[in-house]
Structures are given as structure tokens and as C-alpha cells.
Amino acid sequence: MNALKNVPVHVSIIMDGNGRWARERGLERAAGHIEGVESVRACTEAAVEYGVKYLSLYAFSEENWGRPQEEVNALMALMFKSMMAELSNFMDNGIRFVVLGHRERLGDELNSVINDCMEKTKENKTLTLVIFLSYSGKWDILQAAKKFAGEILAHPDRSAELLSMDTDGFDRYLVTDGIPDPDLIIRTSGEMRMSNYLLWQAAYSELLFSDVLWPDFRKQEFLSALQLYSKRDRRYGKVK
């Protein structure tokens, strides 16, 4: 049962440590990614149980395209397989599935599966599971700025109106339009950096860095993070 008094609406996780988890066990890096899928499942189930409405996961960054091609291919194949396998689970548990990022860089086959999964789950209400795939914060801000500039060029009669917009107005150009900013961002594996993730959206997110490697981050670790969050005093730059 959910006994937490202050549950974050949106929890986001930078999933880190798959490679180290595999190396410590003398396994190929792919084994860490495969085991990491079990952590995705465990945290998704925990998010539903504790009443989190949005769970987002940093699965693959724009910079990750620079990894060895064999590893990239294995990751894309794993994502394809996982989406196919989890669709029935999403439907049974009311999970809406969303993929955000520079999707033009993904293959047609993977994009087709993504589109099918998003379409079939779009009416689900219990939890929105967001996978950031081929994403980076700088890319997101840049593509938003290009959309904004394009709108001004297309509608010069509205330029004064557009140029007077506030930060809330600019939010609609980001790929996360319609999704609340994260209340809590967790990074696993002991690393303490944002790695070009949600640079705009994380302005007032609470940050939590866990030493646990991602393949070992399961329900208890997720609950512990929620409990720590519940003790935070969020002031948004103001005085209470």
C-alpha cells in the first residue's frame, strides 16, 4: 500500500551502470542492458503501486550513437524486443507509453513498433511511461528554438506577440510538451552529473544520486528514493 505523504507526480531516472554491472560479473556489456530491462519493469510496477503518474527513463542519448556499432545495434534490438513484449502488460495495467527524442535517427522498423505501441496505449490513464531515446537536452532546446524561429518567420504579423512569450510559452516547443517537469530525477551508479538530460525541464527538479548500479535498482530502491523525496522542502527560489 502507498503510505507516502508526498508522492512526486513525475519521477525521472538516468539509468546508469549496466556496463559496470556486467564487467563486475565477467559478462559482456549486453548482459547488463538485458538485466536492466528487469529494473525498468520493477520500477514501472513500483510507480503504479505508489501513485506516481509519470515515470521517465533516459534510455539512449544522442551522444550514445558514438558507442561501438555492435553495442548500439544490440541496444536497438533490445528496445525493439522489449516494446513488443511489454505491450500486453501496458494494456493490462493502464500504462500509456511514449517515446521522445530525435526519432529520425532511429530505424524505420523500430519507429514502426514505437508508433504502434504509442497508438494502442494512448488512452491509458494509470501511468505515463516516457522513454527518452536518441535524446539530449541541448538538442531539445535547439530544436525548440528552431520551431520558435520558424513560427516567427511564418507569421511576421505575430512576431511581437511571440517575442513577448514567457518560459511557460516556450515549453510547448520542447518535445516534452504536455508532460510535467520532473519532480525528482534519480541517477544510478554513483555518478553525479546530468549528462545533457532535460536541461530546461530539470530547472527545479530534486536530484538524488544512488550508488546502486541500474540492474540492481529495483522496487526497494525506488521506494527509498520516494521516501527521501518526501522529506525534501521544495521552495522554488522562494521563502516559506
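- With Arg29 as the partner, the salt bridge (Lys or Arg N to Asp or Glu O under 4.0 Å) test is satisfied by one option alone out of Glu24, Glu71, Glu70: Glu71.
- Taken from CD1 in Ile152 to OG in Ser159, the straight-line distance is 7.0 Å, to the nearest 0.5 Å.
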Verdict with reasoning, Phe217 to Met15, per side-chain contact (heavy atoms from CB on, under 4.5 Å) | CA-CA 9 Å; Phe217 196 93; Met15 305 179 294; over 6 Å; no

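- Looking at Asn111 and Val99, their side chains never come closer than 4.5 Å, going by heavy atoms from C-beta outward.
- For Ile95 against Thr121, the heavy-atom pair with the smallest separation is O-CB, 3.4 Å.
- Contact of the Asp140 side chain with the Gln201 side chain is registered, since non-hydrogen atoms from C-beta on lie closer than 4.5 Å.
- A chain of hydrophobic side-chain contacts below 4.5 Å, direct or via other Ile, Leu, Val, Met, Phe, Trp or Tyr residues, connects Trp139 to Leu133.
- With values rounded to the nearest 0.5 angstrom, Ser136 atom OG is found 5.0 Å from Glu63 atom CD.
- How far CG of Leu129 is from CD of Glu86: 9.5 Å, rounded to the nearest 0.5 Å.
- The number of heavy atoms from other shown groups lying within 6.0 Å of CE (Met165) is above 12.
- One distance of note links CZ of Arg105 with CE of Met76; it measures 9.0 Å at 0.5 Å rounding.
- The two residues Pro182 and Leu198 have their closest heavy-atom pair at CG-CD1, 3.6 Å.
- Nearest heavy-atom pair, Val7 versus Tyr50, reported as atom, atom and distance to 0.1 Å: CG1-O, 3.4 Å.
- Of the N and O atoms on the side chains of Asn6 and Tyr229, not one donor lies less than 3.5 Å from an acceptor on the other residue.
- Using a distance-only test at 3.5 Å, with no hydrogens or angles considered, no donor-acceptor pair links the side chain of Arg158 to the main chain of Glu151.
- Each salt bridge (charged side-chain N to carboxylate O under 4.0 Å, His left out) pair with one or both residues in residues 114-133, not counting sequence neighbours, appears once here: Asp116-Lys120, Glu119-Lys122.
- In this structure, Arg103 has no salt bridge (Lys or Arg N to Asp or Glu O under 4.0 Å) partners at least two apart in sequence or on a different chain.
- Nearest approach of Leu55 to Leu127, heavy atoms of both residues: N-CD1, 3.8 Å.
- Using a 4.5 Å cut-off between side-chain heavy atoms of Ile, Leu, Val, Met, Phe, Trp and Tyr, with links allowed through other members, Tyr173 and Leu153 fall into different hydrophobic clusters.
- Aromatic ring pairs are classed by plane angle as parallel below 30°, tilted from 30° to 60° and perpendicular above 60°; the pair Phe170 and Phe148 is perpendicular.
- The main-chain N or O of Tyr54 is never found under 3.5 Å from a side-chain atom of Arg96 such that the two would form a donor-acceptor pair.
- Residues Lys219 and Glu49 have side chains in contact (heavy-atom distance under 4.5 Å, counting atoms from C-beta outward).
- Look at Lys138 and Glu62 and you find no salt bridge, because none of the NZ, NE, NH1 or NH2 atoms lies under 4.0 Å from a carboxylate O.
- Heavy atoms from other residues, nucleotides or ligands lying under 6.0 Å from CG of Asp108 number 12 at most.
- The two residues Thr126 and Lys53 make their nearest non-hydrogen contact at O-NZ, 3.0 Å.
- Dense packing is recorded around CD of Gln69, with more than 12 heavy atoms of other residues, nucleotides or ligands lying under 6.0 Å away.
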Evaluate the side-chain contact (heavy atoms from CB on, under 4.5 Å) criterion for residues Tyr58 and Asn64: first the C-alpha distance (whole Å), next the side-chain angles of each, then the deciding distance (0.1 Å), finally the verdict.
-> CA-CA 11 Å; Tyr58 197 15; Asn64 287 156; over 6 Å; no

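- Ile179 is connected to Ile131 through a chain of hydrophobic side-chain contacts under 4.5 Å among Ile, Leu, Val, Met, Phe, Trp and Tyr, so both are in one cluster.
- Minimum heavy-atom separation, Pro8 to Val11: CG-CG2, 3.5 Å.
- Looking only at atom types and distance, the side chain of Ser112 has no donor-acceptor partner in the side chain of Asn115 under 3.5 Å away.
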Can you list the steps and then say if Arg172 with Lys147 is a side-chain contact (heavy atoms from CB on, under 4.5 Å)?
-> CA-CA 10 Å; Arg172 68 185 178 90; Lys147 287 180 184 177; over 6 Å; no

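- The cluster map of Ile, Leu, Val, Met, Phe, Trp and Tyr, joined by side-chain heavy atoms under 4.5 Å apart, puts Val37 and Leu110 in different clusters.
- Under 3.5 Å, the side chains of Tyr197 and Ser12 contain a donor-acceptor pair of N or O atoms.
- Between Glu35 and Arg218 there is a salt bridge, since a side-chain N of the basic residue sits under 4.0 Å from a carboxylate O of the acidic one.
- Residues Arg187 and Ser195 have side chains in contact (heavy-atom distance under 4.5 Å, counting atoms from C-beta outward).
- The environment of CD in Glu221 is crowded: more than 12 heavy-atom neighbours from other residues, nucleotides or ligands sit within 6.0 Å.
- Put simply, the side chain of Asn93 gets close to the backbone of Asn89: a donor and an acceptor are under 3.5 Å apart.
- The other members of the hydrophobic cluster of Trp21, by chain and number, are Leu27, Leu213 (side-chain heavy atoms under 4.5 Å, ILVMFWY only).
- Within the model, atoms OG of Ser210 and CG of Leu228 stand 9.5 Å from one another, a figure rounded to the nearest 0.5 Å.
- Side-chain contact check for Ile34 versus Leu78: some heavy-atom pair is nearer than 4.5 Å.
- Trp214 and Ser189 form no side-chain donor-acceptor contact under 3.5 Å, judged by distance and modelled atom types alone.
- Considering only heavy atoms from C-beta on, Ile185 comes within 4.5 Å of Met194 through its side chain.
- With respect to Thr188, the side-chain contact (heavy atoms from CB on, under 4.5 Å) criterion is satisfied by exactly one of Asp16, Asp211, Ile14, Leu208: Asp16.
- To the nearest 0.5 Å, atoms CG (Asn124) and CZ (Phe97) are separated by 12.5 Å.
- The shortest side-chain heavy-atom distance between Ile114 and Met79 does not fall under the 4.5 Å cut-off.
- Side-chain N/O atoms of Asp171 and Trp200 include a donor and acceptor closer than 3.5 Å.
- Phe60 and Met118 fall within the same hydrophobic cluster, where Ile, Leu, Val, Met, Phe, Trp and Tyr residues are linked whenever their side-chain heavy atoms come under 4.5 Å apart, directly or through other members.
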Tell me, with the steps shown, if Glu206 and Asp183 meet side-chain contact (heavy atoms from CB on, under 4.5 Å).
-> CA-CA 6 Å; Glu206 294 293 318; Asp183 299 295; over 6 Å; no

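- Here the side chains of Thr176 and Val130 are not in contact, with every heavy-atom distance at 4.5 Å or above.
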